[in-house]
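A short write-up of the structure that comes next.
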Amino acid sequence: MSIIVNLDVVMAKRKISAGELAEKVGITPANLSILKNNKAKAVRFSTLEEICRVLECQPGDILAYIPSKKNEED
């Protein structure tokens, strides 16, 4: 996958647990885990906005683009 979610890194820097973040953002811990572990296929902008508000960060702090190799399949 070309988009990497660095949510765990930002959470560690802010010293916030997954449960606390999920509660403050208004999503289930299971959905936060899916996002945090790079299993998500999509993320709502409203969810991303809330995560950024709670963590006081920018979307680019959470998401990174890593180019795929030409012959690599996602």
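Here the structure is a predicted model, which is why all the values come from computation and not from measurement.
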With distance as the sole test, does [X] use its side chain to make a donor-acceptor pair with the main-chain N or O of [Y] at under 3.5 Å?
X   : Y   : result
D8  : K36 : no
D61 : Q58 : yes
N37 : S33 : yes

Is the closest side-chain heavy-atom distance between L55 and L21 below 4.5 Å?
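L55 vs L21: side chains touch.
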
Do P59 and C52 have side chains that approach each other closer than 4.5 Å (heavy atoms only, starting at C-beta)?
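The answer is yes, as the side chains (C-beta and beyond) meet within the 4.5 Å cut-off.
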
Going through the distances and angles, do E49 and R53 end up as a salt bridge (charged side-chain N to carboxylate O under 4.0 Å, His left out)?
CA-CA 6 Å; E49 180 179 359; R53 182 186 64 76; over 6 Å; no

Locate the shortest heavy-atom distance separating P67 from S2; write the atom from each residue and the value.
C-OG, 4.5 Å

Report whether [X] and [Y] are members of the same hydrophobic cluster (ILVMFWY, side-chain heavy atoms less than 4.5 Å apart, transitive linking).
X   : Y   : answer
L63 : M11 : yes
F45 : V43 : no
V10 : I3  : yes
V9  : L32 : no

Taking it one step at a time, do N38 and I4 satisfy side chain to side chain contact (heavy atoms under 4.5 Å, CB included)?
CA-CA 6 Å; N38 286 303; I4 304 300; 4.1 Å; yes

Can you tell me how far the [atom1] atom of [X] sits from the [atom2] atom of [Y], to the nearest 0.5 Å?
X   : Y   : atom1 : atom2 : answer
C57 : K13 : SG    : NZ    : 10.0 Å
I27 : R44 : CD1   : CZ    : 10.5 Å
I51 : E56 : CD1   : CD    : 14.5 Å

For the side chain to side chain contact (heavy atoms under 4.5 Å, CB included) test, which of L48, V25, V5, I62 pairs with L35?
V5

